[in-house]
Amino acid sequence: MSEPVAIELPAEFRIHPISYFAVFMMAVSALVLAGVSLPYLGWTLAVPVVVALWVHRLRTIVTEDGLTTQTLRGRRSATWDQIVGLRFPRWGAVRAVLQDDSTLTLPTISFRDLPRLSAASRGRIPDPYAAQDAAAASNSDEKTS
């Protein structure tokens, strides 16, 4: 069983930089469309700019105090005392459930990020993979005994 990895805080979870390639491809497509008819399709040149801003700003920040999310619309934070658990909807982003039953959307967190999120939260958010590994190790110890 591996030891938990210490993560330096504040830890940022962001969209992978390869997303900028999609922005580049959108820009090329927008140039072609705008070139066909600038008066009617010139607005398409703004789409890659907005998507690039979205990719650049979208993030979840983990600090000693809690979680902060940043989107195009602004920032929203929750302290560790306010967070009751996580919700994983079938579609969409992970949500932190708060004590008042409201939710805080964690836009760049996925299920595969949970070990890193757990380490960054100093165990306040449990790592389901570690629990699974511990259960598997315990089962294998019982079988060998």
Test item: L86 and I109 side chains (from C-beta on) under 4.5 Å apart, heavy atoms: no
ILVMFWY network linking [X] to [Y], side-chain heavy atoms under 4.5 angstrom:
{"X": "I61", "Y": "L117", "value": "no"}
{"X": "I83", "Y": "L9", "value": "yes"}
{"X": "V62", "Y": "V94", "value": "yes"}
{"X": "F88", "Y": "V97", "value": "no"}
{"X": "L72", "Y": "L58", "value": "yes"}

Pairs involving [range], ordered by first then second residue, that meet side-chain hydrogen bond (donor to acceptor under 3.5 Å, both in side chains) (sequence neighbours left out):
{"range": "residues 90-100", "value": "D100-S102"}
{"range": "residues 18-46", "value": "none"}
{"range": "residues 51-65", "value": "E12-R59, T60-T108"}

Which residues share a ring pair (Phe, Tyr, Trp, His ring centres under 6.0 Å) with F24, sequence neighbours left out: none
Return the set of residues passing side chain to side chain contact (heavy atoms under 4.5 Å, CB included) with V51 (not counting sequence neighbours), or none when no residue passes. V23, M26, V47, V55
Partners meeting side chain to side chain contact (heavy atoms under 4.5 Å, CB included) with S77 (sequence neighbours left out): T68
Closest contact, heavy atoms only, [X] versus [Y]:
{"X": "A30", "Y": "P48", "result": "CB-CG, 4.1 Å"}
{"X": "W80", "Y": "S121", "result": "CH2-CB, 3.3 Å"}
{"X": "S118", "Y": "P126", "result": "OG-C, 3.8 Å"}
{"X": "I7", "Y": "R122", "result": "O-NH1, 3.0 Å"}
{"X": "L104", "Y": "L67", "result": "CD2-O, 4.2 Å"}
{"X": "P128", "Y": "F111", "result": "CG-CZ, 3.9 Å"}

How long is the straight-line distance from CD1 of I125 back to CG of D113, given to the nearest 0.5 Å? 11.5 Å
Taking atom CG of L45 and atom CG of L33, what is their separation to the nearest 0.5 Å? 9.0 Å
Count the heavy atoms belonging to other residues, nucleotides or ligands that lie under 6.0 Å from CZ of R87, then report whether that count exceeds 12. no
